Structures are given as structure tokens and as C-alpha cells.
Trainee: 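Let me begin by handing over the structure; questions about it come next.
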Number of protein chains: 2
Amino acid sequence: MSSDPSATELGELLVAASRVFSQQGRARFGEYGLSPARVRLLTTLHRRPGSRMRDLADTLGVSGRAVTPLVDALESDGLIARRADPDDRRAFRLTLTDTGLATIDQIADLQRQVSEEIFSGLPARDRNDLARLLRAFLDTASAREC
Amino acid sequence: MSSDPSATELGELLVAASRVFSQQGRARFGEYGLSPARVRLLTTLHRRPGSRMRDLADTLGVSGRAVTPLVDALESDGLIARRADPDDRRAFRLTLTDTGLATIDQIADLQRQVSEEIFSGLPARDRNDLARLLRAFLDTASAREC
DNA sequence: TATTGTTATACTCTATAACTATA
DNA sequence: TATAGTTATAGAGTATAACAATA
């Protein structure tokens with residue numbers, strides 16, 4: 001038994017739990033043509049309106065190359081708009097259209113439905129504790145990235 | 001404020017935390033040619049030696065079709081072996097080779113390294129609480145699937 | 001020179017559907 | 001008929017590298 005025998009198990013539990021949630025969400029969102037990557041991009045953009053594509057790539061933790069086709073598709077579906085950046089002629093500023101904002105509402109509804117369903121078996125107190133611990137973990141993890 | 005305003009946030013936290021862990025793991029395992037799907041298949045097979053491909057697909061929660069190329073690749077790399085099922089001539093029994101078992105050890109090492117690194121900022125008590133809550137969540141979630 | 005975003009290309013993972021060989 | 005596994009085909013998501021335009 002080493003210094004922390006449960007670190008590995010903790011990682012496995014985290015991934016397994018997330019997988020349960022993601023698979024449920026993927027199925028539910030899929031009915032509305034919303035893939036995980038699209039949802040992530042839309043909600044990220046909603047939190048940071050006017051982001052450039054590079055900003056989005058950094059925030060999402062993916063390569064710049066991965067953003068282009070996603071934005072292409074979302075733009076062609078009328079959910080987001082590319083606008084020229086007045087300060088940098090190489091860049092675009094991305095914004096949600098009215099349709100995109102309506103989709104954000106739909107996403108929020110679906111997320112709430114899936115979340116309440118999936119966490120319904122967990123007592124409220126456990127849910128609160130879990131949220132607190134996950135927040136603490138994310139704080140320490142993101143602090144170490146800098 | 002509805003019955004449980006934090007369910008959505010809890011889902012987001014769970015996915016975000018898992019993503020931190022997975023991205024770190026993906027990078028680390030990738031150095032050894034171990035993709036997430038390969039690791040999942042190998043560790044699952046290690047827990048259930050002699051599984052048939054259909055069993056693996058069910059356990060992994062993917063289509064049968066997704067298993068074939070994975071098994072092909074792992075077999076051609078000498079990590080697993082297909083053996084005819086004596087009771088059903090349509091089916092294969094999969095087993096880990098010695099090389100596959102060595103890879104399992106390597107995977108365990110890497111998982112431990114990544115886990116200890118990523119959870120190092122979280123006090124031991126929080127880690128234990130987090131593990132307990134995730135286990136409780138998985139229990140309720142998998143109970144509902146039946 | 002460095003950076004923004006694109007095109008070109010390729011890889012991993014997954015799915016559905018049609019097929020074969022067995023059950 | 002149903003099932004185990006394969007082949008065929010397709011799609012999403014991502015990566016690296018090379019490029020154009022701009023900083």
C-alpha cells in the first residue's frame with residue numbers, strides 16, 4: 001500500500017461517473033442535432049461573447065484547427081455569426097445569433113432535465129458535497145496549469 | 001430557483017473535472033501508443049478474462065462494430081489473442097498475452113502517476129469524500145439502468 | 001518574426017446496415 | 001429466427017503541417 005492507494009481509483013471513478021452523465025447527455029442532445037462539441041462551443045461562446053476563434057480554441061483546450069469546421073457548421077446553421085474584428089483584420093469576433101441564443105435556452109433546459117434525472121438518486125446533501133469537492137479539485141487543477 | 005438549482009452545475013462540474021483528468025491521461029498514455037479506447041478495452045478484458053467480443057461491446061457500452069478494429073489492432077500488436085470458443089463456433093474468447101499483461105502493469109503505473117499528480121492538490125480527506133460520493137452516484141445511476 | 005485562421009491530410013473512435021456462419 | 005462477428009461505409013472530432021494575410 002503506497003502513499004495514496006486510492007488515487008488511481010479516484011481517477012477511474014471520476015471518468016466512469018462522467019461517462020454515465022455524458023452518454024445520457026449525448027443521447028438526449030443528439031435528438032436535437034446537438035453534438036457535445038457543438039454544445040461546448042455554444043455555451044463557451046455564450047459565457048464569452050465576441051470571442052475570437054483562437055480564444056475559443058484555448059478555452060476549449062483544442063487546437064485551432066478543430067474550431068474552424070465547428071464554427072463553419074454552426075454559422076451555416078445560423079446559430080453563430082463571424083464578424084470582422086475592427087482591431088485585427090486577421091481575426092473574427094464570434095457572436096450568437098437570436099437562433100443561437102434560443103438554442104442556448106434549449107441546451108440549458110436539456111442540461112437541467114438530464115442532470116436532475118441522473119442525479120435524482122443522490123441525496124441533496126451528497127449533491128452539494130460532490131459539487132463542492134469537484135469545484136475544489138478544479139481549482140487546484142487549473143491553478144497548477146499556470 | 002427551482003427544486004434543485006445545482007443539478008445542472010453538478011453535471012458541468014463532473015464533466016469538466018473528468019476532462020481535466022482525461023486530457024492529462026490521454027497525453028501521458030499517448031507517449032506509449034495507448035489510446036483511451038485501447039486502455040479501456042485492455043483493462044476491461046483484464047477484469048473479465050475470456051470475454052467474447054459481444055460481452056466486451058456490452059461492458060464498454062459501444063456497438064459490436066466498434067470492437068472489431070480495436071481487437072484487430074491489439075491482436076496484431078500482440079497484446080491480446082483470439083481463441084475459438086469451444087461452446088460456440090461463432091464466437092471468440094479473448095485473452096491477454098504476456099505482452100498484454102505487461103502492458104496492464106504499465107497502464108496501472110501510468111494511471112497511478114497521472115492520478116497522484118492530478119489529485120495532489122486535494123487533501124486526502126477530500127479525496128476520500130470525493131471517491132465515496134462518486135461511488136454512491138455510480139451505484140444509484142447503474143441501479144436505475146436496470 | 002509571430003500570430004489568426006484557413007486548407008490539406010490523416011488518425012481515432014463510433015455508428016448503421018448488410019453479410020456469413022453458426023445457433 | 002436470432003446471434004457473433006465481419007465487411008462496407010460514413011460521420012464526428014481531433015491533430016500536425018503548410019499556407020496566406022496581417023500584426
Side-chain angles (χ1 to χ4, degrees), chain A residues 15 18-19 22-27 29-42 44-45 50-77 79-94, chain B residues 15 19 22-45 48 50-77 79-94:
Chain A
V15 171
S18 167
R19 184 170 278 268
S22 295
Q23 285 199 340
Q24 189 67 28
R26 182 186 303 260
F29 282 89
E31 299 166 11
Y32 299 88
L34 291 166
S35 71
R38 283 181 163 218
V39 169
R40 282 226 306 147
L41 194 150
L42 289 174
T44 302
L45 182 56
S51 289
R52 297 176 312 161
M53 303 193 44
R54 177 101 295 274
D55 303 332
L56 275 183
D58 291 340
T59 306
L60 295 170
V62 300
S63 72
R65 177 63 184 88
V67 173
T68 299
L70 265 177
V71 168
D72 285 348
L74 290 168
E75 185 181 30
S76 113
D77 285 354
L79 301 182
I80 67 180
R82 280 182 172 98
R83 292 187 313 179
D85 184 333
D87 300 332
D88 186 339
R89 295 201 340 220
R90 297 170 303 181
F92 290 109
R93 295 288 178 174
L94 301 177
Chain B
V15 171
R19 183 168 279 267
S22 295
Q23 284 200 339
Q24 189 68 28
R26 181 187 302 258
R28 199 61 158 284
F29 281 89
E31 297 166 12
Y32 299 87
L34 291 165
S35 70
R38 283 182 164 219
V39 169
R40 281 226 306 148
L41 194 151
L42 289 173
T43 54
T44 301
L45 183 56
R48 304 164 181 245
S51 289
R52 297 177 310 162
M53 299 185 58
R54 177 101 295 273
D55 303 333
L56 275 184
D58 290 340
T59 306
L60 294 170
V62 300
S63 72
R65 177 65 184 88
V67 173
T68 299
L70 266 177
V71 168
D72 286 348
L74 290 168
E75 186 181 31
S76 114
D77 285 354
L79 301 182
I80 67 181
R82 278 181 174 98
R83 292 188 312 178
D85 184 332
D87 300 331
D88 185 339
R89 296 200 341 223
R90 297 169 303 180
F92 290 110
R93 295 287 176 175
L94 301 177

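On a predicted model such as this, the values are computed, not experimentally measured, just so you know. Letters A, B, ... are given to chains in the order of the sequence lines, protein chains preceding strands, and every chain is numbered from 1.
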Trainee: Closest approach to the side chain of A:F92, judged atom by atom: which nucleotide of D:dA15, C:dT14, C:dT6 is it?
Mentor: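 Of D:dA15, C:dT14, C:dT6, C:dT6 is nearest to the side chain of A:F92.
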
Trainee: Just to be sure I understand the rule, does A:D85 reach a base, reach only the sugar-phosphate, or reach nothing, if contact means heavy atoms closer than 4.0 Å?
Mentor: nothing

Trainee: Between A:L94 and A:L45, what is the shortest heavy-atom contact and its length?
Mentor: O-CD1, 3.5 Å

Trainee: To the nearest Å, give me how far apart CD1 (A:I80) and C1' (C:dG5) are.
Mentor: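 In whole Å, C:dG5 C1' and A:I80 CD1 are 14 Å from each other.
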
Trainee: Could you give the CG-to-C1' distance, from B:L74 to C:dT12, as a whole number of Å?
Mentor: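 B:L74 atom CG is separated from C:dT12 atom C1' by 13 Å.
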
Trainee: Scan A:R26 against the nucleic acid and name what it touches under 4.0 Å (heavy atoms): base, sugar-phosphate only, or nothing.
Mentor: nothing

Trainee: Would you say B:R90 places a side-chain N or O within less than 4.0 Å of OP1 or OP2 belonging to D:dT3?
Mentor: no

Trainee: Base, sugar-phosphate alone, or nothing: which one does A:R40 contact when heavy atoms must sit under 4.0 Å apart?
Mentor: nothing

Trainee: Can you find a pair of side-chain heavy atoms, one from B:R82 and one from B:D72, that are under 4.5 Å apart?
Mentor: yes

Trainee: Nearest to the A:M53 side chain among C:dG5, D:dA4, C:dC13, which nucleotide is it?
Mentor: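 Given the options C:dG5, D:dA4, C:dC13, the side chain of A:M53 is closest to C:dG5.
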
Trainee: Mind calculating the distance between CG (A:L70) and P (C:dG5) to the nearest angstrom?
Mentor: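 Distance, rounded to whole Å: 14 Å.
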
Trainee: Between atom CZ of A:F92 and atom OG1 of A:T68, what is the distance when rounded to the nearest 0.5 Å?
Mentor: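 Answer rounded to 0.5 Å: 9.5 Å.
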
Trainee: Tell me: CG of A:D55 to P of C:dT3, nearest whole Å?
Mentor: 14 Å

Trainee: Should A:R52 and A:D58 count as an ion pair when the cut-off is N to O under 4.0 Å?
Mentor: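 Looking at A:R52 and A:D58, the cut-off is not met.
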
Trainee: Rounded to whole angstrom units, what separation is found between the CD atom of B:Q23 and the C1' atom of D:dA15?
Mentor: 13 Å

Trainee: What's the CZ-P distance between B:R38 and C:dC13, to the nearest Å?
Mentor: 8 Å

Trainee: Tell me what A:R54 touches on the nucleic acid: a base, only sugar-phosphate, or nothing, going by heavy atoms under 4.0 Å.
Mentor: sugar-phosphate

Trainee: Taking OP1 and OP2 of D:dA15, is either one under 4.0 Å from a side-chain nitrogen or oxygen of A:S63?
Mentor: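 Checking D:dA15 against A:S63, a side-chain N or O does come within under 4.0 Å of OP1 or OP2.
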
Trainee: Just how far, in rounded Å, is P of C:dT6 from CD of A:E75?
Mentor: 9 Å

Trainee: Side chain of B:R65 only, please: which of C:dT22, D:dG5, C:dT16 is the nearest?
Mentor: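 That would be C:dT16.
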
Trainee: Taking the nucleotide of DNA chain D with the nearest heavy atom to each, does A:R89 or A:G64 sit closer to the 5' end?
Mentor: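 Closest to the 5' end, via its nearest nucleotide, is A:G64.
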
Trainee: For a quick check of understanding: with a heavy-atom distance under 4.0 Å over all strands, which category does A:S35 fall into, base, sugar-phosphate or nothing?
Mentor: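 Sugar-phosphate, no base atom in range.
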
Trainee: Got a second to check how far A:R90's CZ is from A:M53's CE, nearest 0.5 Å?
Mentor: 14.0 Å

Trainee: Between B:D88 (CG) and D:dT6 (P), how many Å, whole number?
Mentor: 13 Å

Trainee: Check whether any side-chain nitrogen or oxygen of B:T68 sits under 4.0 Å from OP1 or OP2 of D:dG5, and answer yes or no.
Mentor: no

